[in-house]
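Counting convention: from 1, in listed order, for ligands and their atoms alike. No hydrogens, no waters, no symmetry mates; every other heavy atom, side chains included, goes into these values.
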Amino acid sequence: MTTYDPDNIFAKILRGDIPCHKVYEDDAALVFMDVMPQSPGHTLVVPKAPSRNLLDADPAVLAKMVPLVQKIAIAAKAAFNADGITLWQFNEPAGGQTVFHLHYHVIPRYEGQPLRAHAGKMEDAEVLKANAAKLKAALG
Ligand code: AMP
């Protein structure tokens, strides 16, 4: 299927049908912690407008996302004392995508530390809660 499924897990989070560890919200986007972080502080930036991924997204939506991704990346680098940030965005299963609502991964990185597996191990809810609070504080 290459159409948008309104019952994908991020659509449910955007509707408030299932919870998330929220960091930030505005008219255009919701930002929350990845539940299977590949590095401490792994955060997702999710536009509210429905699109499956980059390939079917409205360019006007995309134009709003990069400044927000930058804001989150700067705050995450400070909040988690990271040496760098990896930005990822996957499209279709062959491109590594597992949730079919457009999103950007903001992943704090540390010198010499490899990433954990993509969508691998569920993090403890208390850790996610604490990391969301740290990132929120860094955003001011
Ligand atoms: P992608 O492969 O780019 O579609 O990535 C989907 C990401 O969503 C993975 O990193 C998962 O760990 C993450 N994920 C899946 N379900 C949830 C959820 N309920 N809340 C937060 N993150 C999730």
Listed partners of Asn81 passing side chain to side chain contact (heavy atoms under 4.5 Å, CB included), at least two apart
none

Considering only heavy atoms, which protein residues lie less than 4.0 Å from any atom of ligand 1?
Ile9, Phe10, Ile13, Phe32, Met33, Asp34, Val35, Met36, Leu44, Phe90, Gly96, Gln97, Thr98, Val99, His103, His105, His118, Ala119

Do Gln38 and His118 have side-chain N/O donor and acceptor atoms under 3.5 Å apart?
yes

Go through the structure and list residues passing salt bridge (charged side-chain N to carboxylate O under 4.0 Å, His left out) with Asp26, not counting sequence neighbours.
none

Taking it one step at a time, do His105 and His103 satisfy ring-ring contact (aromatic ring centres under 6.0 Å, His included)?
CA-CA 7 Å; His105 298 255; His103 56 280; 5.1 Å; yes

ILVMFWY clustering at 4.5 Å (side-chain atoms), partners of Phe10:
Ile9, Ile13, Leu14, Ile18, Leu30, Phe32, Leu44, Val46, Val99

Are any of the side-chain nitrogens in Asp7 or Arg15 under 4.0 Å away from the carboxylate oxygens of its partner?
yes

